[in-house]
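Numbers here simply count residues along the sequence, with the first being 1. In this text, all values refer to a predicted model and were calculated from it rather than measured experimentally. When reading the values below, keep in mind they use all heavy atoms of this one structure, side chains included, and skip hydrogens, waters and symmetry mates.
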Amino acid sequence: MVRGGYIIITTFVSAALPFLGDFMSLTGAISTFPLTFILADCMYLVAKKHKINSLQKSWHWLNVSFFGLMAVVASIAALRHIVVHSNIYHIFADM
């Protein structure tokens, strides 16, 4: 039921907004960076907390910090693209 609702909503949004790629960029910035890079490093730190040395711990925290910053920057860029393109396109422009 949830999956069906999600498909209906995304189909409507993609038909209504011809600049859906910008929303996909925002979704990727919000979910892909944290899930791919940050979560993996955090899970490694939790799982190996007593078995890694300070250099390895620093490396993983550097990765968490860097990719966290990248996620914020990518989110801001995606929001900027949405704002810029929303002024150009009109709702249901391709219909």
Side-chain angles (χ1 to χ4, degrees):
M1 191 163 182
V2 173
R3 184 185 299 170
Y6 178 74
I7 290 173
I8 290 170
I9 290 170
T10 56
T11 302
F12 178 75
V13 170
S14 66
L17 304 171
F19 51 95
L20 185 66
D22 297 339
F23 285 102
M24 297 305 291
S25 297
L26 180 62
T27 303
I30 291 172
S31 65
T32 302
F33 270 120
L35 288 176
T36 304
F37 300 108
I38 298 171
L39 182 64
D41 281 317
C42 288
M43 289 172 60
Y44 186 83
L45 286 169
V46 169
K48 303 277 187 175
K49 72 174 129 181
H50 298 298
K51 298 177 183 175
I52 59 176
N53 60 31
S54 62
L55 181 63
Q56 289 173 323
K57 193 178 284 190
S58 298
W59 172 253
H60 288 288
W61 278 113
L62 178 68
N63 282 338
V64 168
S65 302
F66 175 73
F67 287 112
L69 178 67
M70 292 303 293
V72 169
V73 170
S75 298
I76 292 170
L79 286 172
R80 181 189 173 281
H81 279 228
I82 290 170
V83 169
V84 168
H85 288 159
S86 67
N87 293 330
I88 298 170
Y89 294 110
H90 302 287
I91 193 161
F92 295 109
D94 294 336
M95 304 292 286

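Thr10 places a side-chain N or O within donor-acceptor distance of the main-chain N or O of Ile7, the cut-off being under 3.5 Å.
Scanning both residues, Pro34 and Ala71, for their nearest heavy atoms gives CD-CB, 4.4 Å. The heavy-atom pair separating Lys49 from Lys57 by the smallest distance is O-NZ, 3.9 Å.
Remark: Leu26 CG to Ile76 CD1 distance equals 11.0 Å, nearest 0.5 Å. Taking CE of Met43 as the start and NE2 of His60 as the end, the distance is 12.5 Å to the nearest 0.5 Å.
Phe33 and Leu45 fall within the same hydrophobic cluster, where Ile, Leu, Val, Met, Phe, Trp and Tyr residues are linked whenever their side-chain heavy atoms come under 4.5 Å apart, directly or through other members. In terms of hydrophobic clustering, with Ile, Leu, Val, Met, Phe, Trp and Tyr side chains grouped at heavy-atom distances under 4.5 Å, Ile30 and Leu79 are assigned to a common cluster. When hydrophobic clusters are built by joining Ile, Leu, Val, Met, Phe, Trp and Tyr residues whose side-chain heavy atoms come closer than 4.5 Å, directly or via intermediates, Val64 is not grouped with Val72. At a threshold of 4.5 Å between side-chain heavy atoms, the hydrophobic network of Ile, Leu, Val, Met, Phe, Trp and Tyr places Phe37 and Leu35 in two separate groups.
Between Ile52 and Tyr44 the shortest side-chain heavy-atom distance falls below 4.5 Å. Trp59 is listed as a side-chain neighbour of Leu62, based on a closest heavy-atom distance under 4.5 Å.
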Before giving the answer on side-chain contact (heavy atoms from CB on, under 4.5 Å), spell out for Asn53 and Gln56 the whole-Å C-alpha distance, their side-chain angles and the decisive distance to 0.1 Å.
CA-CA 6 Å; Asn53 60 31; Gln56 289 173 323; 3.4 Å; yes
Start with the C-alpha distance between Cys42 and Ile38, add both sets of side-chain angles, then the distance that settles side-chain contact (heavy atoms from CB on, under 4.5 Å), and finish with yes or no.
CA-CA 6 Å; Cys42 288; Ile38 298 171; 4.1 Å; yes
